[in-house]
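Just so it is clear, the structure is predicted and the values come from calculations on it, not from any experiment. Residue numbers start from 1 in every chain, and the chains themselves are labelled A, B, ... in the order their sequence lines are given, proteins ahead of strands. Any value given below was found using the heavy atoms of this structure, including those in side chains, with hydrogens, waters and symmetry copies removed.
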Number of protein chains: 2
Amino acid sequence: MASTRTGPNLSRIAASLGVSVATVSNALSGKGRVSAELVERIRATAAALGYVPSQAGRALRTGRSGVLGLVLPDISNPLFPQIAQAVEYSASVAGYGILIADSRGDVGMQTEAINRLVERGVDGIVIVPRRGTRIADAGCPVAVIDTPSTPGNTVSADHWQGGREIGRHLRDLGHRKILLIGASSTSNVQNDRIGGFKSALDATIKTEVLWIEKLEEQNGPGCLLGLADKAQRGFTAFAALSDLHALRALTELQRAGIAVPDIATVTGFDDLIWSAVVTPALTTMRMDMETIAEIAVTALVNAIENGGPTEKGELDEAAADEPLPGGRLVSAEKSRVPMRLVIRQSSGPPGPARTNLLAENS
Amino acid sequence: MASTRTGPNLSRIAASLGVSVATVSNALSGKGRVSAELVERIRATAAALGYVPSQAGRALRTGRSGVLGLVLPDISNPLFPQIAQAVEYSASVAGYGILIADSRGDVGMQTEAINRLVERGVDGIVIVPRRGTRIADAGCPVAVIDTPSTPGNTVSADHWQGGREIGRHLRDLGHRKILLIGASSTSNVQNDRIGGFKSALDATIKTEVLWIEKLEEQNGPGCLLGLADKAQRGFTAFAALSDLHALRALTELQRAGIAVPDIATVTGFDDLIWSAVVTPALTTMRMDMETIAEIAVTALVNAIENGGPTEKGELDEAAADEPLPGGRLVSAEKSRVPMRLVIRQSSGPPGPARTNLLAENS
DNA sequence: AGGCCTTGATTAAACGATTAATCAGTTTTT
DNA sequence: AAAAACTGATTAATCGTTTAATCAAGGCCT
């Protein structure tokens with residue numbers, strides 16, 4: 001603790017007032033029995049001396065560090081800022097700090113990252129798992145933010161509902177041939193979005209899914225997606241499963257001289273930072289990260305402080321009523337948070353030469 | 001510490017081997033004098049018992065938490081992932097964890113965020129300051145990542161050089177009328193980039209600076225930048241001071257039917273995630289964040305562990321030889337890291353109907 | 001052979017906070 | 001009036017690690 005190395009501690013306050021350290025501790029924490037007048041004097045001198053409690057001392061005694069770990073599949077993911085900001089905020093409101101760990105896209109490193117956090121003594125961990133991975137027993141409560149269809153998911157955006165809403169939006173605009181653009185078919189999140197999307201359509205609407213990773217395996221990263229060709233073949237709407245892909249689609253279409261939204265409609269997902277400032281601004285689905293983070297952190301803190309509701313996610317052979325196994329997945333009552341449709345300028349009715357005058361609903 | 005709450009500790013290992021805790025501690029840390037044979041046995045049982053040292057106990061005794069704070073002006077900034085990832089990596093290599101704090105764009109909250117970190121006992125802090133703010137005395141070593149022209153800067157990209165390189169690139173391509181696009185004239189970083197940019201041009205080249213924030217004050221956020229009009233007036237190159245603005249320029253020009261790079265050239269800064277996947281892929285300047293983070297973390301760790309080179313940045317009236325004032329700005333020998341020009345498809349010679357066939361230099 | 005250095009271990013004192021147990025007065029109860 | 005209960009404080013143990021100080025024993029020197 002560089003913080004309180006030389007700074008005042010409880011005993012210094014106690015000494016300067018001629019009382020015992022226990023009394024000072026009780027006064028500041030409000031736990032024991034201390035006269036109101038003395039509490040006031042202790043508070044005053046503590047403030048005067050600039051007292052800052054030592055987390056190390058407290059942690060050693062209480063067994064709690066007051067820190068949560070945040071494990072991300074890949075920090076460089078553009079969605080990360082939203083997540084980190086929301087989780088950090090919820091945690092700080094609950095009195096916790098956030099220690100970050102990056103698994104850098106590597107599946108094996110996810111376990112390693114978790115271990116690093118555990119060794120640092122975090123009280124709990126929020127994990128946004130790499131797709132398809134299971135969470136190893138961490139030795140502390142764990143909240144998982146993924147997608148409702150993933151077993152063990154604590155809370156997440158309702159990606160299925162999000163897909164359904166954007167599907168409805170495109171259906172109502174009159175599109176009859178829609179291209180879905182995703183990264184990889186192994187993503188639970190993207191599959192949920194696709195499932196929801198298709199559930200909103202009727203039989204007359206034709207869809208096709210373009211997987212970017214598969215395409216790039218053949219043509220190299222950053223290759224063209226061949227959307228102009230798709231447009232020729234009658235696709236009037238391009239529903240990307242991420243704003244990053246939507247952006248790629250938008251610029252590729254524009255470059256090919258296909259006006260958006262006049263000729264083709266482009267929609268995205270996640271409302272990433274640039275979505276509002278490109279021209280035309282992207283119609284997209286926004287996750288309510290603030291709520292998701294708050295639910296996840298609350299569930300985690302509850303498990304930490306009260307041994308709240310948990311479920312054994314991985315150790316299937318063990319009995320569920322086993323005495324606290326150390327690592328445990330926490331669960332929340334509300335596990336799916338609805339996404340919100342943000343209509344901007346990139347979506348409109350199909351066919352040539354029509355402009356979308358809908359204003360953004362803030 | 002949820003980690004070692006019930007787990008094995010030094011005394012358990014000591015007991016199970018019939019030696020003293022001090023010996024175990026010495027054996028595991030390699031500091032005292034312990035026979036090689038006993039070290040081996042201790043190591044073995046420690047591993048067998050799954051021993052994890054308690055950070056709390058260690059921190060309390062040594063006064064070091066092994067954690068660095070990372071203060072960011074606004075986590076939602078798209079540049080953040082790069083920074084966080086690089087800093088987290090460098091820190092973990094040096095054996096430190098990263099605690100994040102977000103000042104959410106608010107100037108006042110920067111101080112508050114720093115205080116939160118200090119209260120959590122971080123050993124040092126890496127700050128990417130909100131533009132124009134000074135760093136308050138934090139009570140622990142502080143490394144600042146901003147721009148070389150900012151007093152107190154520890155290390156950063158050489159934004160001036162970056163500007164110069166992209167200026168040269170556009171000059172060599174033959175552009176004679178260039179529009180610079182920035183967010184705000186109060187940003188040191190952007191001003192450095194502009195300064196470097198102009199230093200690369202000769203007198204025959206005309207430039208103009210468009211400040212987005214000023215424009216949005218009048219026309220509302222997300223408004224058009226009027227670039228089509230600028231193109232009409234003879235501007236052939238649009239050099240944005242951030243990829244976010246470059247993207248905005250690119251899509252706005254495309255929407256107006258101005259082909260990039262055939263008619264107009266667009267360049268950016270920072271090589272953000274989407275820069276390589278839009279069409280045309282953005283020519284941009286890339287910061288070497290890995291190196292910057294490594295230098296910053298190394299300087300910080302050096303100051304923490306050896307009381308390395310520091311300078312009093314703020315407390316001007318105090319003598320420089322004052323005994324360690326607690327909070328101090330660390331300095332590094334190498335404080336400016338060159339940026340690298342990444343040529344992609346969005347830049348080309350001016351004038352109609354010419355295509356840029358330069359390959360990306362990876 | 002006695003003194004001295006080296007080796008390999010132990011002892012004990014911190015670090016700073018929390019908290020159960022205790023204690024001396026004072027007030028209330030029986 | 002003696003017992004019981006409450007109030008406001010103190011004492012002392014504890015969390016797990018590090019580390020200075022100490023100690024016993026064997027080897028080396030003069």
If I take atom CD in residue A/Q55 and atom P in nucleotide D/dC15, what distance separates them, rounded to the nearest angstrom? 20 Å
Can you find a side-chain donor-acceptor pair between A/N153 and A/T150 that sits under 3.5 Å? no
Specify the separation, in whole Å, of atom CG of B/L60 and atom C1' of C/dA13. 13 Å
Sub-3.5 Å donor-acceptor pair from the side chain of A/N302 to the main-chain atoms of A/T298, do we have one? no
Name the closest nucleotide to the B/S35 side chain, picking from C/dA9, C/dT19, C/dA17. C/dA9
With side-chain hydrogen bond (donor to acceptor under 3.5 Å, both in side chains) as the rule and sequence neighbours excluded, what pairs involving residues 90-100 of chain A come up? A/Y96-A/E305
Which of these nucleotides, D/dT10, C/dT7, D/dT19, is closest to any side-chain atom of A/T23? D/dT10
Could you tell me whether the phosphate oxygens of C/dT18, OP1 or OP2, come under 4.0 Å of any side-chain nitrogen or oxygen in A/R58? yes
Reckon B/S20 has a side-chain N or O less than 4.0 Å from the OP1 or OP2 of C/dT10? yes
Any A/K31 side-chain nitrogen or oxygen under 4.0 Å from OP1 or OP2 of C/dT18: no
From D/dT17, D/dA9, D/dT14, nucleotide with atom closest to A/R61 side chain: D/dT14
Of A/V21 and A/L38, the one whose nearest nucleotide on DNA chain D sits closer to the 5' end is A/L38
B/S54 side-chain N/O to D/dT17 phosphate OP1/OP2 under 4.0 Å: no
Send over the distance from A/N9 CG to C/dT18 C1', rounded to a whole Å. 14 Å
Atom CD1 of B/I42 to atom P of C/dA9: distance rounded to whole Å? 8 Å
May I ask you to check whether A/S156 and A/D146 show a side-chain donor-acceptor distance below 3.5 Å? no
Please report, rounded to the nearest Å, how far the P atom of D/dT7 is from the CG atom of A/N26. 15 Å
When you measure from the side chain of B/R58 to the backbone of B/R64, do you find a donor-acceptor pair of N or O atoms at a distance under 3.5 Å? no
Which nucleotide, D/dA9, D/dG16, C/dT19, lies nearest any side-chain atom of A/R33? D/dA9
Please give, in whole Å, the distance from C/dA9 C1' to B/L17 CG? 14 Å
Whole-Å distance between C/dG16 P and A/I13 CD1? 12 Å
Between B/R12 (CZ) and D/dG16 (P), how many Å, whole number? 8 Å
